[in-house]
Protein chains: 2
Amino acid sequence: MAKLDPTKMKDWEIAEAAEATMKTAYQLRDEMGLKEKELFPYGHYVGKIDYMSVLDRLKDKPNGKYIEVTAITPTPLGEGKTTTSMGLVQGLGKIGKNVMGAIRQPSGGPTFNIKGSAAGGGLAQCIPLSDFSLGLTGDIDAITNAHNLAMVALTSRIQHEFNYADDMLAKKNLRRLNIDPRNPAMGWAIDFCAQALRDIIIGLGSKMDGFMMKSGFQITVSSEIMAILAVANDLRDLRTRMAKIVVAYDKSGRPITTHDLEVDGAMTALMTKAINPNLMQTIEGQPVLVHAGPFANIAIGQSSIIADRIGLKLADYHVTESGFGADIGFEKFWNLKCRFSGLVPNCSVIVTTVRALKMHGGGPKVVPGQPLDTAYIEKNTALVEKGVENLLAHIETVKKSGIAPVVCINHFYTDTDDEVHIIKERAEALGARVAISKHWELGGEGAIDLAQAVVEACEETHHFRFLYEDDTTLKDQIARIATEVYGADGVSYTPEAEAKAWKVQTDPELSKLGTCMVKTHLSLSHDPDIKGRPKGWTLPIRDILIYGGAGFIVPVAGAIKLMPGTASDPAFRNIDVDVTTGKVQGLF
Amino acid sequence: MAKLDPTKMKDWEIAEAAEATMKTAYQLRDEMGLKEKELFPYGHYVGKIDYMSVLDRLKDKPNGKYIEVTAITPTPLGEGKTTTSMGLVQGLGKIGKNVMGAIRQPSGGPTFNIKGSAAGGGLAQCIPLSDFSLGLTGDIDAITNAHNLAMVALTSRIQHEFNYADDMLAKKNLRRLNIDPRNPAMGWAIDFCAQALRDIIIGLGSKMDGFMMKSGFQITVSSEIMAILAVANDLRDLRTRMAKIVVAYDKSGRPITTHDLEVDGAMTALMTKAINPNLMQTIEGQPVLVHAGPFANIAIGQSSIIADRIGLKLADYHVTESGFGADIGFEKFWNLKCRFSGLVPNCSVIVTTVRALKMHGGGPKVVPGQPLDTAYIEKNTALVEKGVENLLAHIETVKKSGIAPVVCINHFYTDTDDEVHIIKERAEALGARVAISKHWELGGEGAIDLAQAVVEACEETHHFRFLYEDDTTLKDQIARIATEVYGADGVSYTPEAEAKAWKVQTDPELSKLGTCMVKTHLSLSHDPDIKGRPKGWTLPIRDILIYGGAGFIVPVAGAIKLMPGTASDPAFRNIDVDVTTGKVQGLF
């Protein structure tokens, strides 16, 4: 591969250059010690790993070191968490370690809207880019289909129960479920930002299609089925979870599940390929598993347990990514994913940049398309001093789990030594290791310090503990997350949320479940405009959803919706195909 | 492969037994003379063929013989058209011919509803079955996504035009399109039978999501983008068509296209893999391409032109299937697909069974789950005499195209010689070859007579001609199809359809397009209850749609909808997964 210069090339140009000499999926398979049949190729450069065979074959092999990557509260400047995940994998590779990574598959929503893809950047990327960005091997489509099949089962059942008397239903071996169309528990899924489908009325029509009810679509990555893919330990676990999804309630308020609708088996059938993680690679050729989805604000937002189980068996160091800041992505990794998997992480990398901390310190708003304020380009230690509080909050969160925190200062050429020094000093005072990393500019070579810090942290002994126990009540779980992770003074509930919380707490099954908060990623609080480390506020819970299959309760904080909107200048305007080569252009 | 007995085994059991010894996709690739890079494997037994490389490499090679498979008007008894397509491929293989087949990918709608999969049956099947039935390599999902991305572009644009003044739009390099929310040209797509989504109201909400309009979902296989996949000659052609899809109208009635919404490039990007046909195999190991979708009643329902172009280059005999009876599937093959491809077929196989003709002759209604009336099990020449008229109508249709018709009597063990004789005599009197075929029971061995009849028919010289010319007006096209193919006395129009027809006929571009009728497949007429060969009726046109990208006009006849409904005893109830092996069970 010729020398690539990220200061002069766009990310997709670097990806394209790296793809010209990337390894085939077969080469990766052989290097990883997989059997021939354990890799299902999807084209020549991507594949799926037969998790069942690999985990069975290696069940007695000890696990490698387990490294999680999280970040400070995101800003529009981009902190580079996936970039750092890829950089760390490349850095560990550079110092001779047997390493793998696990990241999440991007959603079609951001890819065609504002954020673009999430394959890393500069000289730290996951390739091939267009496979990664455009649906990969179809896992998200499988989830969309499984989710919507449940809704087809629900709505056609409502319609048939309208039309048929009990004896007619009995002839088809059906009992009347008495579904309440005024009280659906879930809507439909589509993997785009489709605000027009957020709130809709369905079932206009007559005898064969009419029953009219309020419904809506959520973005697929926030579907309970995506959460199930992320947290299932194996197919048996996935099958069991698929039966417990609450789709609606009957007229006396009892839940109607996918199992009641006899659709859980067919939904699982749609997921039999999706359960196998996707094999890709860094631009320096280390294996990367891509599995499950993003959006830790409105979803669990974790790379999958199955991918991590494979990485821990095949590699000595396995790097896994969780979504957004440590308040949401890491908190869910810690209290949900690790609880479901039983796996204990060795260290957690918290990604920060000098520029982002300046914004948290009160730096001016960043407007896309307008030149960056000088505060972000020139030295400004005052802003860094104030903004570093956001980083410290996330370090404290990681420390509460007992996992060793490693701060990665994702270096930018405008950073000054004085600014970096402030961050380093404050973070180290809290007991974190700190590494300055230049993987964006230099690839694995630039991440050697980070890699070494991580290797050291993994050698530490530590005492992993959850924030709450299995028997902590829902409202106590929420209170602990709100006060100990977000820094709120307390929690408030709408009457609706209060009633639902009470219902959960008094239900013998639901009261055992954990919490997967829906909250903006743009602030430690529920208000996306409040940067830094907000003090003196209360977390307002608007609604409470039950994800019985995923196995957690979903409190919804603030105004955030499960269906984002497409903006007025979306990315799809610039995406096209070269019809002479078939290559996709304009992804970013 | 051990001896398989279809009278004792279910179709999926035969498929499973055959899959135990099937060829890998790599073996098929080598046998077909493909270069290593020209096959993109999807797992070990399925792949996609790099059409661009193959067609470029073989551009100077003469085409093989081109055989189309159609049928009489379908009945609930099942005539076995895909079974015959597979049987014919196997039969041609058995007599030593270099043969390939092309069939359509099944839709998730029927798979999870009533009809089940469409992989053939008995000893004439396409495998592996669960890949075939459960989304294959994701082509239909790609179409769903491309279709819905257009709708996201439309609806978010409507919302932003509500919110922003012209100068704000101009800053984002957007001009006001003035989309009329009361006059959408298309809705959303989902590949299930979801009657609840047939007619819906979307955009309930406030500033960021509200604008309220009527909308709806069609089943994905009826999407214009599926039609584009079927008729595109290559990626350049697909890209051009993708820009011409009419999504809505502006307030003065002018069409708003995907190009106006700047989403045509991104939609094409979503289709870059789908354009490559999927490679599968018969249970006797001949290569079968699976590409594009079914539903010739509400869609074009053809296997793709690209698949046929590849088959004609790689094989000496290429068998392609069109949907349902010759009135709709063959008519569209003849007047649309062949017009777009420039390819001239050599022969057309019309599949019939004795039992189905008895139903067309007035035999009693068949009720699923109840035992078959003795009329279908015992000899009844009177019903066959009357019902054979349906077959004769389809033979006459094929003859109008100038293509040699070969009638295949798909033999069932209850058929008597007298009954078969009536069919043979009447069909031969019209100039058709007739073969009795036992491929369901015996595989390729049972289809040798059929294969030989086809080989003979392919040697005939014939004069292929279209039913209408490029400059025939829309209403004349519709009249010719109605009277000369369906046997109607004439055509009637609703005022709405009349107005739209006039608009098409006076538009310089639209007036050049062909006709893709939407009509029930269950009758030669628009009324699914009228069997046989209906006389003395008028075809009522209810609506006219414009598929500007696919390149045809879509008149809608009778009551048929683009979104079927899920029945009260759907197939999804019986589908499940063996969690110890990952195998899907209960597909049929």
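Quick caveat: nothing in here was measured; it's all calculated off a predicted structure. Note: hydrogens, waters and symmetry copies are ignored here, and every other heavy atom, side chains too, is used. Labels below follow one simple rule: chain letters A, B, ... track the order of the sequence lines, proteins then strands, and each chain is numbered from 1.
- Of the listed residues (Met267(B), Arg236(B), Glu161(B)), the one with the most heavy-atom contacts under 4.5 Å to chain A is Arg236(B).
- Taking CG of Asp209(B) as the start and CE of Met563(A) as the end, the distance is 10.5 Å to the nearest 0.5 Å.
- Contact of Val584(B) with chain A is made through the side chain alone, with heavy-atom distances under 4.5 Å.
- The environment of NE2 in His44(B) is crowded: more than 12 heavy-atom neighbours from other residues, nucleotides or ligands sit within 6.0 Å.
- Your options are Leu174(B), Asp578(B), Thr155(B), Asn148(B), and the one with the most heavy-atom pairs under 4.5 Å with chain A is Leu174(B).
- Contacts with chain B were tallied for Thr581(A), Asp131(A), Leu238(A); Asp131(A) has the most, counting heavy-atom pairs under 4.5 Å.
- The shortest non-hydrogen separation linking Gly582(B) to Met52(A) is N-CE, 4.2 Å.
- Of residues 193-203 of chain B, those residues with a non-hydrogen atom less than 4.5 Å from any non-hydrogen atom of chain A are, in numerical order, Cys193(B), Ala194(B), Gln195(B), Ala196(B), Leu197(B), Arg198(B), Asp199(B), Ile200(B), Ile201(B), Ile202(B), Gly203(B).
- To the nearest 0.5 Å, atom CZ of residue Arg573(B) and atom CG of residue Asp264(A) are 12.0 Å apart.
- The closest side-chain donor-acceptor pair between Asn145(A) and Asp191(B), if any, does not fall under 3.5 angstrom.
- When heavy atoms are compared at a cutoff of 4.5 Å, Tyr45(A) approaches chain B solely by way of its side chain, counted from C-beta outward.
- Of all the listed residues (Leu270(A), Thr137(A), Asp50(A), Asn163(A)), the one sharing the greatest number of non-hydrogen pairs under 4.5 Å with chain B is Leu270(A).
- For a residue to count as touching a neighbouring chain, one of its non-hydrogen atoms must lie under 4.5 Å from one of that chain's; by this rule Thr268(B) touches chain A with backbone and side chain alike.
- The part of Val152(A) that comes within reach of chain B is its side chain, from C-beta onward, which places non-hydrogen atoms under 4.5 angstrom from that chain.
- Judged by distance alone, the side chain of His160(A) and the main-chain N or O of Thr566(B) form a donor-acceptor pair under 3.5 Å.
- Ranked by heavy-atom pairs under 4.5 Å with chain A, the list Tyr164(B), Tyr42(B), Phe211(B) is led by Tyr42(B).
- Proximity to chain B is absent for every atom of Gln585(A), based on heavy atoms less than 4.5 angstrom apart.
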*asked:* Pair Lys273(A), Leu134(B) - check side-chain contact (heavy atoms from CB on, under 4.5 Å), show working.
replied: CA-CA 10 Å; Lys273(A) 289 183 177 171; Leu134(B) 294 174; over 6 Å; no
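- Within 6.0 Å of NZ in Lys171(A) there are 12 or fewer heavy atoms belonging to other residues, nucleotides or ligands.
- Residues Leu149(A) and Phe112(B) meet the side-chain proximity criterion, which asks for heavy atoms closer than 4.5 Å.
- Contacts with chain A were tallied for Lys48(B), Lys172(B), Met242(B), Met168(B); Lys172(B) has the most, counting heavy-atom pairs under 4.5 Å.
- In terms of heavy-atom pairs under 4.5 Å with chain B, the best-connected choice from Met208(A), Lys37(A), Glu36(A), Met213(A) is Lys37(A).
- Summarising the geometry, atom CD belonging to Glu262(B) is positioned 8.5 Å from atom CG belonging to Asp569(A); distances are rounded to the nearest 0.5 Å.
- Shown here for Ala269(B) and Ile575(A), the closest heavy-atom pair between the two residues is CB-CG2, 3.7 Å.
- Ring geometry for Phe217(B) against Phe217(A) counts as parallel: the plane angle stays under 30°, on a 0 to 90° scale with 60° as the upper cut.
- In terms of heavy-atom proximity, Phe572(B) sits nearest to Leu261(A) at CE1-O, 3.5 Å.
- Residues Pro41(B) and Tyr26(A) share a closest heavy-atom pair of CG-OH, 3.2 Å.
- Neither the backbone nor the side chain of Ala25(B) comes within less than 4.5 Å of any heavy atom in chain A.
- With a threshold of 4.5 angstrom between heavy atoms, Asp234(A) does not approach chain B through any atom at all.
- Under the side chain to side chain contact (heavy atoms under 4.5 Å, CB included) rule, Val579(A) has a single partner from Asp237(B), Leu235(B), Thr240(B), which is Leu235(B).
- Heavy atoms of Thr580(A) lying under 4.5 Å from chain B belong to its backbone as well as its side chain.
- Between Met151(A) and Ile190(B) the shortest side-chain heavy-atom distance does not fall below 4.5 Å.
- For the set Gly565(A), Gly216(A), Ser130(A), Ala567(A), the entry with the most heavy-atom pairs within less than 4.5 Å of chain B is Ala567(A).
- Summarising the geometry, atom OG belonging to Ser156(A) is positioned 11.5 Å from atom CZ belonging to Phe192(B); distances are rounded to the nearest 0.5 Å.
- Counting non-hydrogen atoms of other residues, nucleotides and ligands closer than 6.0 Å to NZ of Lys583(B) gives a total of 12 or fewer.
- In terms of heavy-atom pairs under 4.5 Å with chain A, the best-connected choice from Asp576(B), Leu169(B), Leu154(B) is Asp576(B).
- When heavy atoms are compared at a cutoff of 4.5 Å, Leu39(A) approaches chain B solely by way of its backbone atoms N, CA, C and O.
- Heavy atoms closer than 4.5 Å to chain B are found in both the backbone and the side chain of Asn173(A).
- For the pair Arg157(A) and Ser568(B), the minimum side-chain heavy-atom distance is 4.5 Å or more.
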